[in-house]
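Here the structure is laid out as structure tokens; the discussion comes afterwards.
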Amino acid sequence: MNFSGLIQDFGPLTITGLAQGAIIALFALGYTLVYGVLRLINFAHSEVFLLGSYACLIVWGFFGLDQNSATPSTLSVIGLLLLGLVAAIVISGITALGVELVAYRPLRKRNAPPLAFLITAIGASLFISETVGVMTQRNIKGVPPLIQPRDVFVIGNMHVTNLQILIIVLALMSMFLLDRFINRSRLGRGIRAVAQNPDSAALMGVNKGRVISLVFLLGGLMAGIAAVMYDLKIGVTRFDAGFLLGIEAFTAAVLGGIGNLRGALLGGLLLGLLQNYAASLFGTEWLHAASFVLLVLILLVRPTGLLGESLGRARA
Amino acid sequence: MLLELKDVTLMYGRIQALHGISLSVGQGEIVALIGANGAGKSTTMRAISGLRPVAQGTITFNGEDITKLRADLRVVRGVSQSPEGRGIFPGMSVRENLEMGAYTRRNRAEINEDLDRVFTLFPRLKEREKQVGGTMSGGEQQMLAVGRALMSRPKLLLLDEPSMGLAPMLIQQIFDIVVEINQQGTTVLLVEQNAQQALSRAHRAYVLETGEIVKSGTGAELLTDPSVKDAYLGVA
């Protein structure tokens with residue numbers, strides 16, 4: 001174990017971990033939102049993310065950009081980023097709604113047991129990722145270098161780049177808006193009502209079907225944003241890009257307390273940090289193993305997750 | 001008739017909970033449904049509000065067949081229920097719970113008017129406006145559930161055991177308020193185990209036994225009916 005390395009690189013590891021954690025947190029919101037309302041783990045959420053990560057690349061491709069292009073001018077980068085975000089958000093949102101419509105809604109109508117949902121969830125996930133795999137010959141797809149990482153400020157040996165700032169700010173902003181929507185708007189109140197007491201919600205005139213569509217859509221939008229950030233950060237995507245990150249995001253949601261929006265944020269950031277600290281401490285090859293051992297330890301102490309409450313019960 | 005049930009049967013899986021219930025509630029009435037535990041009182045309420053699908057029979061509300069209508073749409077038609085066990089939203093404040101009652105409505109001025117009305121009926125709720133529902137006492141939750149049901153400005157208010165778990169003084173108070181709500185123009189269908197209170201406040205009542213209606217009449221008639229006295233009123 002390399003303690004001196006961890007201490008020496010604490011600053012850089014922290015900022016890298018936060019950027020990584022911000023992406024995981026955005027991704028995790030989709031699991032937590034759907035679980036809060038349906039008590040269902042939407043395993044196909046990883047493919048909602050996956051299609052978003054391709055959607056922006058396809059749009060950038062329309063402008064003739066690939067991984068070998070030069071970085072465009074600042075103004076074009078802003079425009080391209082916005083277009084990429086819109087494309088990813090739209091495609092991820094549609095995918096999430098589509099999965100709910102095709103894989104879950106028919107089962108709900110027939111009062112299927114929870115295991116049936118688990119099977120269709122895994123089925124939908126595999127179907128989408130394998131289809132992408134076939135269509136791309138399982139090759140990686142490179143991301144055009146829209147943003148060349150460049151130091152914005154340096155504290156000691158911690159170099160904070162423009163890309164890291166973009167990722168963290170965008171993630172926090174999205175989560176802030178989502179939080180406001182869930183807690184302040186009429187529709188958000190409807191979502192919380194269904195999460196807290198579905199029968200009572202129906203007695204208030206809440207259309208449960210519409211609330212369910214809405215949480216899938218919201219989760220999809222967040223995954224779309226996460227997907228663009230992921231592309232820019234990692235530089236490539238692939239048909240199975242959603243898989244491992246999906247497990248991490250799901251873990252983050254459970255770690256924070258599944259069903260709890262702020263829990264997803266906390267869980268995501270914490271997981272990002274843990275991974276980077278663990279990589280430094282035990283070596284990069286142990287990154288996942290070590291961080292998951294730590295997660296299990298945390299869950300042993302707090303089995304319901306750090307913030308522990310369900311979507312509705314989490315006040316404010 | 002504002003509400004009419006005709007030969008309604010309802011199944012919980014393979015168990016038949018209601019065996020062809022027929023009852024009616026007229027505009028402006030307070031109608032009580034009394035009976036022992038498990039007689040099917042709450043089930044009847046759930047059939048009317050749409051939380052459980054009926055197997056056979058029809059439910060007509062305000063001239064419209066609502067037998068197959070979704071629960072949330074029945075609220076829009078004017079049916080509102082304060083459910084058994086109160087069913088308040090534990091993570092929402094008193095204010096938010098009441099706002100949920102007005103979920104289907106958009107007119108802010110009218111909603112505020114009704115909030116004032118509920119706060120006048122239940123001053124306790126005004127004091128607790130910001131408190132989270134889950135942390136309130138049983139009696140306060142009951143007031144909240146009734147107040148919330150009023151927030152949709154219902155034509156028909158369904159009250160399922162509004163006196164359940166309340167102290168005797170509060171029971172009086174809740175029934176006083178039910179009468180007051182009725183006098184303000186809301187039709188009430190009331191399910192109660194407290195038959196004495198229910199019958200003395202209701203215009204008419206039905207007695208339910210194992211999923212069937214065995215007796216009906218005015219509140220006063222049933223109060224003096226020997227068999228009702230024996231079964232539901234205790235030795236008075």
Side-chain angles (χ1 to χ4, degrees), chain A residues 32-33 35-37 39 105 108-113 179-215 256-263 304-305 307-316, chain B residues 13 42 45-46 48-53 69-93 95-106 108 111 130-135 141 144-146 148-154 157-160:
Chain A
T32 241
L33 277 166
Y35 182 85
V37 166
R39 302 290 178 277
R105 183 157 296 200
R108 256 201 326 278
K109 285 216 166 121
R110 290 166 178 75
N111 284 322
D179 197 81
R180 290 284 289 209
F181 178 76
I182 299 280
N183 286 304
R184 299 285 167 84
S185 73
R186 177 177 166 277
L187 282 173
R189 199 181 285 137
I191 292 176
R192 283 188 295 145
V194 174
Q196 292 179 27
N197 191 329
D199 275 358
S200 282
L203 292 178
M204 302 298 116
V206 180
N207 181 340
K208 190 178 176 194
R210 200 173 294 165
V211 161
I212 290 169
S213 299
L214 185 60
V215 292
I258 191 142
N260 186 320
L261 292 185
R262 291 177 184 183
T304 54
L307 300 186
E309 292 163 303
S310 72
L311 177 63
R313 282 155 207 261
R315 279 274 300 146
Chain B
S42 292
M45 292 300 230
R46 294 167 75 81
I48 298 169
S49 59
L51 288 183
R52 292 293 307 190
L69 196 66
R70 262 190 356 237
D72 57 293
L73 294 175
R74 298 189 197 194
V75 179
V76 181
R77 302 291 193 280
V79 182
S80 184
Q81 186 185 0
S82 163
E84 184 186 24
R86 297 149 195 154
I88 61 152
F89 300 111
M92 291 189 196
S93 68
R95 172 68 183 245
E96 283 182 302
N97 264 281
L98 292 173
E99 296 269 355
M100 273 313 298
Y103 190 79
T104 55
R105 300 169 55 196
R106 303 297 183 126
R108 199 60 240 180
I111 294 173
K130 297 215 162 56
Q131 191 175 331
V132 178
T135 64
Q141 290 193 10
L144 182 54
V146 176
R148 189 183 60 179
L150 282 174
M151 288 299 296
S152 65
R153 257 193 207 188
L157 179 63
L158 306 171
L159 296 176
D160 197 341

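Chain letters run A, B, ... following the sequence lines, proteins first and then strands; every chain starts at 1. The shown structure was predicted, so the numbers you read here are calculated from the model rather than taken from an experiment.
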Against chain A, label Thr104(B) side chain, backbone, both or neither, depending on which of its atoms sit under 4.5 Å from a heavy atom there. both

Ignoring hydrogens, what is the shortest heavy-atom contact between Met100(B) and Ala193(A)? Give both atom names and the distance. CE-CB, 3.4 Å

Test item: Arg70(B) and Lys208(A) side chains (from C-beta on) under 4.5 Å apart, heavy atoms: no

Is any side-chain heavy atom of Pro83(B) closer than 4.5 Å to a side-chain heavy atom of Leu203(A)? yes

With a distance cut-off below 6.0 Å to the six-membered ring centre and an angular limit of 45° from the axis, does Arg192(A) pair with Phe89(B) as a cation-pi contact? no

Quick one: are Asp72(B) and Val206(A) in side-chain contact, heavy atoms under 4.5 Å? no

First locate atom CD of Gln196(A), then atom CG of Asn97(B), and finally report the distance between them rounded to the nearest 0.5 Å. 7.5 Å

Enter the distance from Glu96(B):CD to Asn183(A):CG here, rounded to the nearest 0.5 Å. 7.5 Å

dist Arg105(B):CZ -> Arg186(A):CZ (nearest 0.5 Å) comes out at 11.5 Å

I'd like to know which of Arg46(B), Met151(B), Arg106(B) tops the heavy-atom pair count under 4.5 Å against chain A. Arg106(B)

Give a yes or no on this: more than 12 heavy atoms of other residues, nucleotides or ligands lie within 6.0 Å of atom CZ of Arg210(A). no

Heavy-atom donor-acceptor pair, Ser200(A) side chain to Ile88(B) backbone, under 3.5 Å: no

Residue from Leu51(B), Val79(B), Leu158(B), Leu73(B) scoring the most non-hydrogen pairs under 4.5 Å with chain A is Leu51(B)

Answer yes or no: are there more than 12 heavy-atom neighbours, outside Arg184(A) itself, under 6.0 Å from its atom CZ? no

